[in-house]
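Below: one structure, written as structure tokens.
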Amino acid sequence: MNIIIINGPNLNLLGKREPEIYGSLSFDDYLESLQEKYPDINISYYQSNIEGELVNIIQETGFISDGIVLNAAAYTHTSVAIADAIRSIKCPVVEVHISNVHKREEFRHFSYLSPACMGVIAGFGLDSYRLAIEALINANKELQDEH
Ligand code: DQA
């Protein structure tokens, strides 16, 4: 299976950024442990602070991957372009948030992306990414069983 994790703005600062909300582990260190846990899955990673670059990577990988784990960060709450990109591709997308956005400010309760995604995982810290990968593995198994 080929899975890509896509992180949006400010997530390059994980470990340094508001550690009381997002934890003190860098994403690179977390990614390494995730790749060790799933040696049979090709897990690639992309991060950008720029909305159009997120649209580009969704378009580029959405026809050749088995799934996308997407934390669009603040663009979750603002981006029609990213929602349209998700609707344009073939592979399932799981929306992920490290924090429980529903426990936070009201503007974080709304997501343009959720209706375009297979599902949403929020509030489990970095473990939200692993849970999203589990969801994509199960969806892929169901797809294989159908054929
Ligand atoms: C976030 C939640 C967003 O509201 C916020 O803008 C982020 C990170 C999360 O992972 O909890 O940057 O997506």
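In each ligand, atom 1 is the first atom listed, and ligand 1 is the first ligand listed. Values reported hereafter were calculated over all heavy atoms of this structure, with side chains retained and with hydrogens, waters and symmetry mates removed.
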* Structure fact -> Residues L34 and I43: closest non-hydrogen pair is O-CD1, 4.0 Å
* Give the ring-plane orientation class for H97 versus H77, where under 30° counts as parallel, over 60° as perpendicular and anything between as tilted. => parallel
* To do: Might you list the protein residues in contact with ligand 1, defined as having a heavy atom under 4.0 Å from one of its atoms, sorted by chain and number?
  => R17, Y22, N71, A73, A74, H77, H97, I98, S99, V101, R108
Side-chain donor-acceptor contacts of residues 51-61 below 3.5 Å, not counting sequence neighbours, with atom names and distances?
from : atom 1 : to  : atom 2 : distance (Å)
E51  : OE2    : S79 : OG     : 2.5
E53  : OE1    : S48 : OG     : 2.7
T61  : OG1    : I57 : O      : 2.6

* Asked: Does the side chain of D84 pick up a donor-acceptor pair with the side chain of Y112 at under 3.5 Å?
  -> no
For residues 133-147, run the donor-acceptor check on the side chains, cut-off 3.5 Å, and write out each pair with its distance to 0.1 Å, sequence neighbours left out.
from : atom 1 : to   : atom 2 : distance (Å)
E134 : OE2    : Y38  : OH     : 2.5
H147 : ND1    : L143 : O      : 2.9

* salt bridge (charged side-chain N to carboxylate O under 4.0 Å, His left out) pairs, two or more places apart, involving residues 98-112 -> E105-R108
